[in-house]
Amino acid sequence: MNPKYLLIQGGRVIDPAQNIDDVLDIFLSGGRVTAVGKELFPGNAETFNARGLIVMPGLIDLHTHLREPGA
């Protein structure tokens, strides 16, 4: 079950479309980003400690295994 409110705290947020590369918090409500900033107050939100991690939007894992049978 996904929490209604989630605060991702202290991750390195990289978003080239918004020209962002900084250590920030991200607040999500109903699965959508509603706030991005420094030291956001969690209120009744579930929190996730992202310190030391990179937080990026929309990554897709594009890779291939060329030495596997059938490739």
Side-chain angles (χ1 to χ4, degrees):
M1 184 168 104
N2 293 333
K4 185 172 181 180
Y5 303 105
L6 174 65
L7 180 62
I8 302 171
Q9 296 178 304
R12 179 179 173 194
V13 178
I14 301 174
D15 184 353
Q18 303 295 321
N19 199 27
I20 296 173
D21 185 351
D22 202 354
V23 175
L24 300 168
D25 296 344
I26 301 174
F27 192 87
L28 294 99
S29 176
R32 297 189 181 265
V33 174
T34 57
V36 177
K38 292 188 180 273
E39 300 179 20
L40 298 179
F41 181 71
N44 64 343
E46 182 176 327
T47 60
F48 177 82
N49 182 349
R51 284 171 181 77
L53 302 176
I54 295 175
V55 182
M56 296 180 70
L59 288 181
I60 299 172
D61 181 12
L62 296 174
H63 73 278
T64 185
H65 299 261
L66 297 175
R67 292 190 219 175
E68 293 182 3

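All values derive from a computational prediction rather than experimental measurement.
- The side-chain contact (heavy atoms from CB on, under 4.5 Å) check on Val33 picks up Ile26, Leu28, Val36, with sequence neighbours excluded.
- For Arg51, the side chain to side chain donor-acceptor pair (under 3.5 Å) criterion is met by Asn49, not counting sequence neighbours.
- A side chain to side chain donor-acceptor pair (under 3.5 Å) check over residues 8-19, counting only residues at least two apart or in different chains, returns the pairs Arg12-Asp21.
- Every pair passing ring pair (Phe, Tyr, Trp, His ring centres under 6.0 Å) that includes a residue from residues 42-63 is listed here, sequence neighbours excluded: His63-His65.
- Pairs engaging residues 25-39 under the side chain to side chain donor-acceptor pair (under 3.5 Å) rule: Asp22-Lys38 [sequence neighbours left out].
- Atom OH of Tyr5 is separated from atom OG1 of Thr47 by 16.0 Å, given to the nearest 0.5 angstrom.
- For the pair Ala50 and Val55, the tightest heavy-atom approach, listed with the atom from each and the gap, is CB-CG2, 4.2 Å.
- Val23 and Phe27 are not part of a single hydrophobic cluster, where members link through side-chain heavy atoms under 4.5 Å apart.
- Taking all atoms of both residues into account, the shortest heavy-atom contact from Ala45 to Leu6 is CB-N, 4.0 Å.
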